[in-house]
Amino acid sequence: MFSKAIVRTPGKSLINGLTDSSHLGVPDYSQAIIQHQAYIEALKFCGLEVTVLEPCEDYPDSTFVEDVALITPSCAIMTRPGAESRRGEVEHISSLLVSQFKYLETIDAPGTIEAGDIMMVGSHFYIGLSDRTNIQGANQLIALLEKYGYTGSTVELKDVLHLKTGLSYLENNILAICGEFKSDPIFAEFEQIEIPESESYAANCIWVNDNVIMPAGYTATKELLSTTGYKVIEVDVSEFRKLDGGLSCLSLRY
Ligand code: CIR
């Protein structure tokens with residue numbers, strides 16, 4: 001079960017965030033603020049105490065807090081984003097984590113990791129090797145995880161931005177899965193909920209205390225997720241999608 005979450009209010013500079021989805025248009029800032037507030041309310045509904053960080057205008061992508069840290073039950077690990085424009089986001093969150101965690105670790109150059117590439121399944125961590133996460137970063141992370149009694153393994157990505165762009169672990173051995181991961185033998189042992197390609201954005205959803213929070217407007221996925229028995233909660237995150245941001249990357253949950 002999770003008890004806490006950290007989010008960061010988007011700054012006005014959000015409109016300059018990194019994106020490969022410019023065909024979706026520029027995010028509407030006021031709409032993004034409304035959607036972000038609804039996201040916070042959904043986390044609170046699931047029982048989480050939510051820390052809301054101030055906007056960080058110097059970093060347009062800084063609302064995507066999930067990418068800059070990995071929080072485990074034993075320690076917090078500051079990542080080193082592969083996107084250079086995002087590297088400075090790390091120090092803006094580490095001061096908060098230092099005050100909350102006894103053990104704080106870091107990923108060092110030449111390693112790069114964005115935690116959108118890390119999927120926690122119990123005490124095992126799957127790490128996507130992507131344009132943002134390299135093998136040096138993954139190996140450093142695995143060594144750190146082993147120090148705390150966890151294990152890690154890598155997954156090669158082909159098309160998606162991050163591992164969790166196409167995969168979400170929903171506890172109880174259930175995996176929402178889409179695209180390139182569907183046929184991957186690495187995930188064969190999971191009970192798979194196959195998300196249709198036409199709704200691939202919704203493959204990024206989050207389990208929070210027997211609720212699943214998913215992006216609003218993906219009816220087939222909503223029906224599929226309802227079969228899990230979890231309460232399914234929809235939140236509109238369309239403005240964040242315009243920056244390739246998945247629903248999970250808007251929070252750190254622990
Ligand atoms: C980026 O390209 O870094 C941001 N615009 C989106 C980050 C999304 N992160 C995630 O899905 N974990």
Side-chain angles (χ1 to χ4, degrees), residues 5-29 32 35-36 39 43 53 55-71 77-90 92-93 107 112-120 125-134 137-138 141 155 157 159-169 176-181 195 199-208 213-215 218 235 237-254:
I6 299 170
V7 301
R8 184 184 292 286
T9 304
K12 291 197 172 71
S13 61
L14 176 79
I15 56 168
N16 300 317
L18 297 172
T19 185
D20 279 333
S21 305
S22 47
H23 61 283
L24 297 175
V26 176
D28 179 297
Y29 179 66
Q35 293 181 352
H36 196 257
Y39 182 83
L43 294 174
L53 302 174
C56 189
E57 294 293 352
D58 289 348
Y59 295 97
D61 286 301
S62 54
T63 193
F64 302 117
V65 284
E66 181 183 56
D67 290 323
V68 295
L70 174 71
I71 298 182
I77 301 173
M78 303 311 306
T79 67
R80 183 168 180 273
E84 279 193 48
S85 67
R86 300 198 58 189
R87 238 163 245 172
E89 291 174 31
V90 174
H92 286 274
I93 209 157
I107 299 293
T112 64
I113 290 230
E114 295 186 5
D117 275 321
I118 307 172
M119 183 174 77
M120 180 174 84
F125 293 74
Y126 292 93
I127 307 162
L129 297 177
S130 66
D131 287 349
R132 304 289 183 89
T133 296
N134 64 19
L141 179 64
V155 183
L157 305 196
D159 302 324
V160 289
L161 174 62
H162 288 123
L163 180 70
K164 286 186 290 190
T165 308
L167 272 186
S168 300
Y169 184 58
I177 189 163
C178 193
E180 65 192 73
F181 303 115
I195 307 301
E199 298 198 357
S200 60
Y201 180 69
N204 179 279
C205 47
I206 54 176
W207 176 95
V208 187
I213 309 179
M214 64 166 287
Y218 298 87
V235 177
V237 284
S238 62
E239 301 315 297
F240 302 98
R241 184 184 175 202
K242 292 174 181 173
L243 299 174
D244 303 328
L247 186 140
S248 73
C249 56
L250 290 170
S251 62
L252 284 161
R253 306 158 299 281
Y254 55 105

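Note that the numbering runs from 1 along the sequence shown for the chain. Order of listing sets the numbers, starting from 1, for every ligand and every atom in it. Because only heavy atoms are used, hydrogens play no part in the values below, and waters and symmetry mates are left out as well, while side chains stay in.
Taking CG from Leu43 and CD1 from Ile206, the interatomic distance works out to 5.5 Å, rounded to the nearest 0.5 Å. Atom CG of Asp58 and atom OG of Ser85 lie 12.0 Å apart (nearest 0.5 Å). For the atom pair Glu66 CD and Ile118 CD1, the distance stands at 8.5 Å (nearest 0.5 Å).
Atoms of ligand 1 lying under 4.0 Å from any heavy atom of His162, numbered from 1 in the order shown and given with element: 9 (N), 10 (C), 11 (O), 12 (N). Remark: ligand 1 atoms within the under-4.0 Å shell around heavy atoms of Glu66 are 12 (N). For ligand 1, the atoms lying closer than 4.0 Å to a non-hydrogen atom of Gly116 are 12 (N). If you number the atoms of ligand 1 from 1 as listed, the ones under 4.0 Å from a heavy atom of Gly246 come out as 11 (O). The Leu243 neighbourhood of ligand 1 comprises atoms 4 (C), 5 (N), 6 (C), with distances under 4.0 Å to a heavy atom of that residue.
No N or O atom of Cys249 sits closer than 3.5 Å to an N or O atom of ligand 1. Not one N or O of Thr165 is nearer than 3.5 Å to an N or O of ligand 1, by distance alone. Residue Phe64 has no N or O atom closer than 3.5 Å to an N or O atom of ligand 1. Polar contact with ligand 1: absent for Ser248 (N/O pair, distance under 3.5 Å). By the 3.5 Å distance cut-off applied to N or O atoms, Asp67 is counted among the residues near ligand 1.
Residue, atom and distance of the protein heavy atom nearest to atom 4 (C) of ligand 1 are Asp61 OD1, 3.2 Å. Protein heavy atom at the shortest distance from atom 2 (O) of ligand 1 is Arg132 NH2, 2.9 Å.
Side chains of Arg253 and Ser251: a donor on one and an acceptor on the other come within 3.5 Å.
The aromatic rings of Phe64 and Phe240 sit perpendicular, their planes meeting at an angle over 60°, well past the 30° parallel limit.
At distances below 3.5 Å, not a single donor-acceptor pair connects side-chain atoms of Glu239 with backbone N or O atoms of Gln35.
Ligand 1 lies within reach of Asp244, whose nearest heavy atom is under 4.0 Å from it. By the 4.0 Å heavy-atom criterion, Gly245 is counted among the residues contacting ligand 1.
Every residue was checked against the side chain to side chain donor-acceptor pair (under 3.5 Å) condition with Ser62, not counting sequence neighbours, and none meets it.
Between Cys56 and Arg8, the closest side-chain pair of non-hydrogen atoms falls below 4.5 Å. Put simply, the side chain of His162 reaches to within 4.5 Å of the side chain of Asp67, judged on heavy atoms.
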